[in-house]
Amino acid sequence: MIDWALIGGSFLVAIVVGLTGMGGGALMTPMMMLFFNVPPLAAVSSDLVASAVMKPVGGVVHLRRGTVNLRLVGWLCAGSVPAAFCGVFLARAFAVTDAVKYALGVALLLAVAGMAVKAWLGSRGRPGGTATPHEISVRPVPTLLVGMVGGVVVGVSSVGSGSLIIVALLVLYPALKANQLVGTDLVQAVPLVVSAALGHLLFGDFRMDLTVSLLIGSIPGVYLGARISSRAPGGLIRAMLAIVLLASALKLLGAGDALTVGALAAAALVTVIGWRLRVRAAARASSGSTDLEPAR
């Protein structure tokens, strides 16, 4: 049976995903659990199956544009695909004690930390990569380990394919351009999510009605978010997304209202201060470049 409220919720979440390029699993699964009382394993299973339908679309676009390092994708998938399938077994075992809920809370905290690291590296002027995808020297062992850890996290919680692995790639391969990072991460996420989705279809708690409702709401939402993303301040949207993820994580971990409100207030304060400092730094850089221009 189609759930129109869930369609509306997935539509709103998908707009955020289209705007920021991340946060699908990190927002969709907690939304189903916190607002629609969907059991944890059913939420993870249905979200992963829906993602397996949507992910290949963006992957094909990046493959056509040549912004994918296929060798890097291969090493990531060698670790993530079997690990994601094994993660389903862990999720199945955790479901007995409802520990999937807490595993998801921890995964969201890791996602917030990853976003903070990415923002910090950007604020320190991380140089944009200049290498082409074929010029990158792949580091097999660290890349394989990143894939394995990311695969387990995705298999258990549905979080990590976009918010955790891309941060690890950013640290391991600073020479990659931004579009190469996104393209490589998105393509490697396709077999990863498909593996996790297959595991949940076989051993999880997949529900067709939830998946259909998610797809009906999220497909137009992602399209709309992507259309307006160029007009929205991306840094501010990502900061708001991090605050939402932090709130979801704390509630999933059973934090009290006082602790949740205090943590969100502190996060909002840090966000405002960081935003102001970044604006001032950009203004100083702009004025400095203007002063260096020769007189006409």
Side-chain angles (χ1 to χ4, degrees), residues 2-3 6-7 9-11 13-14 16-18 21-33 38-63 68 70 73-74 76-92 100 103-104 107 111 147-148 150-166 182-223 225-226:
I2 301 298
D3 189 332
L6 182 57
I7 290 175
S10 62
F11 175 76
V13 168
V16 176
V17 174
M22 61 190 303
L27 287 174
M28 202 76 76
T29 303
M31 177 197 70
M32 287 190 285
M33 293 167 56
V38 177
L41 190 58
V44 172
S45 298
S46 300
D47 181 39
L48 279 171
V49 174
S51 297
V53 175
M54 293 185 293
K55 289 276 186 183
V57 178
V60 169
V61 172
H62 279 278
L63 283 171
V68 179
L70 291 177
V73 168
L76 285 170
C77 291
S80 65
V81 170
F85 200 81
C86 293
V88 180
F89 290 97
L90 295 176
R92 187 69 178 178
V100 170
L104 179 57
M148 292 175 64
V152 171
V153 174
V154 171
V156 171
S157 67
S158 80
V159 178
S161 62
S163 52
L164 297 180
I165 292 180
I166 195 170
V182 174
T184 299
D185 175 67
L186 187 57
V187 171
Q188 69 83 29
V190 173
L192 163 58
V193 171
V194 169
S195 173
L198 178 60
H200 277 277
L201 280 172
L202 296 175
F203 308 108
D205 188 16
F206 168 70
R207 288 171 51 181
M208 178 62 76
D209 57 333
L210 290 178
T211 303
V212 171
S213 297
L214 291 178
L215 289 173
I216 292 175
S218 60
I219 291 176
V222 167
Y223 176 78

Do the non-hydrogen side-chain atoms of [X] and [Y] ever get within less than 4.5 Å of each other?
{"X": "Ser10", "Y": "Met32", "value": "no"}
{"X": "Ile2", "Y": "Asp209", "value": "no"}
{"X": "Met31", "Y": "Leu6", "value": "yes"}
{"X": "Phe11", "Y": "Pro220", "value": "yes"}
{"X": "Pro39", "Y": "Arg207", "value": "yes"}

Got a sec, which residues hit side chain to side chain contact (heavy atoms under 4.5 Å, CB included) with [X], two or more places apart in sequence or on another chain?
{"X": "Ala50", "value": "Thr211, Leu214, Leu215"}
{"X": "Leu198", "value": "Phe85, Leu202"}
{"X": "Cys77", "value": "Val73, Ser80, Val81, Gln188, Pro191"}

Testing the basics here: between [X] and [Y], what is the closest heavy-atom pair and its distance to 0.1 Å?
{"X": "Val154", "Y": "Leu192", "answer": "CG2-CD2, 4.0 Å"}
{"X": "Ala52", "Y": "Val193", "answer": "N-CG1, 3.5 Å"}
{"X": "Ala197", "Y": "Leu48", "answer": "CB-O, 3.8 Å"}

Worksheet item: Do you see a donor-acceptor pair shorter than 3.5 Å between the side chains of Asp3 and Ser213?
Response: no
Worksheet item: Pick one: which of Ser46, Ser195, Ser45 meets side chain to side chain donor-acceptor pair (under 3.5 Å) with His200?
Response: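 With His200 as partner, Ser46, Ser195, Ser45 yield a single side chain to side chain donor-acceptor pair (under 3.5 Å), made by Ser45.
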